[in-house]
Peer 1: 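Before I ask anything, here is the structure I am working with.
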Amino acid sequence: MKAAQHWLVGYDRQTELEKFELPIPEGSFREIGSVVRIDDDDPGAAGSYKLTEQQARKIAKMVRRESLLPTGLDFFLEAYSRVS
């Protein structure tokens, strides 16, 4: 079974539909801890963590994709696997 990939995900505030996603490279994930407080009982960050737009922007900047980040969405750090 493939390990979960972490994503920066943005949802439309009106429809709650996913409108944006950005994969977080495995090598960059440790840096995220300086931006998002991961629960002590969730060391792999398997849960969903609500982010402010400022936190989302910092994460996008860490992975050199800040210019792709839209505004006006509800952002989360999420972990899930994609099925090909």
Peer 1: Going by heavy atoms in the side chains, are Glu21 and Tyr80 under 4.5 Å from each other?
Peer 2: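 They are in contact (side-chain heavy atoms under 4.5 Å apart), so the answer is yes.
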Peer 1: What pair of heavy atoms forms the shortest contact from Val36 to Gln55, and how long is it?
Peer 2: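 Answer, listing the atom of Val36 first, then Gln55: CA-NE2, 4.3 Å.
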Peer 1: Check side-chain contact (heavy atoms from CB on, under 4.5 Å) between Gln54 and all other residues, then give those that pass, not counting sequence neighbours.
Peer 2: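 Once residues adjacent in sequence are excluded, the partners of Gln54 under the side-chain contact (heavy atoms from CB on, under 4.5 Å) criterion are Thr52, Lys58.
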Peer 1: When you compare the side chain of Ile24 with that of Ile59, does any pair of heavy atoms fall below 4.5 Å?
Peer 2: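 Touching, per the 4.5 Å side-chain cut-off.
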Peer 1: Can you tell if the side chain of Glu53 reaches within under 4.5 Å of the side chain of Arg57, non-hydrogen atoms only?
Peer 2: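 Yes, side chains in contact.
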Peer 1: Quick one: side-chain hydrogen bond (donor to acceptor under 3.5 Å, both in side chains) pairs with a partner in residues 63-76, sequence neighbours left out?
Peer 2: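 Residue pairs with at least one partner in residues 63-76: Arg13-Asp74.
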Peer 1: Holding to ring-ring contact (aromatic ring centres under 6.0 Å, His included), I want the full list of residues that pass it with Phe76, two or more places apart in sequence or in another chain.
Peer 2: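 Here the qualifying residues are Tyr11.
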Peer 1: Between CD of Gln5 and CD of Glu26, what distance do you get to the nearest 0.5 Å?
Peer 2: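 Those atoms lie 8.0 Å apart.
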Peer 1: Could you work out, with side chain to side chain donor-acceptor pair (under 3.5 Å) as the rule, every residue matching Ser34, not counting sequence neighbours?
Peer 2: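 Ser34 satisfies side chain to side chain donor-acceptor pair (under 3.5 Å) with no other residue.
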Peer 1: Going by the side chain to side chain contact (heavy atoms under 4.5 Å, CB included) test, name the single residue among Leu51, Leu77, Leu68 that passes it with Leu8.
Peer 2: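 Only one of Leu51, Leu77, Leu68 forms a side chain to side chain contact (heavy atoms under 4.5 Å, CB included) with Leu8, namely Leu51.
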Peer 1: Work out which heavy atom in Gly10 is nearest to a heavy atom in Phe75; give both atom names and the distance.
Peer 2: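 Result for this residue pair: CA-CD2, 3.8 Å.
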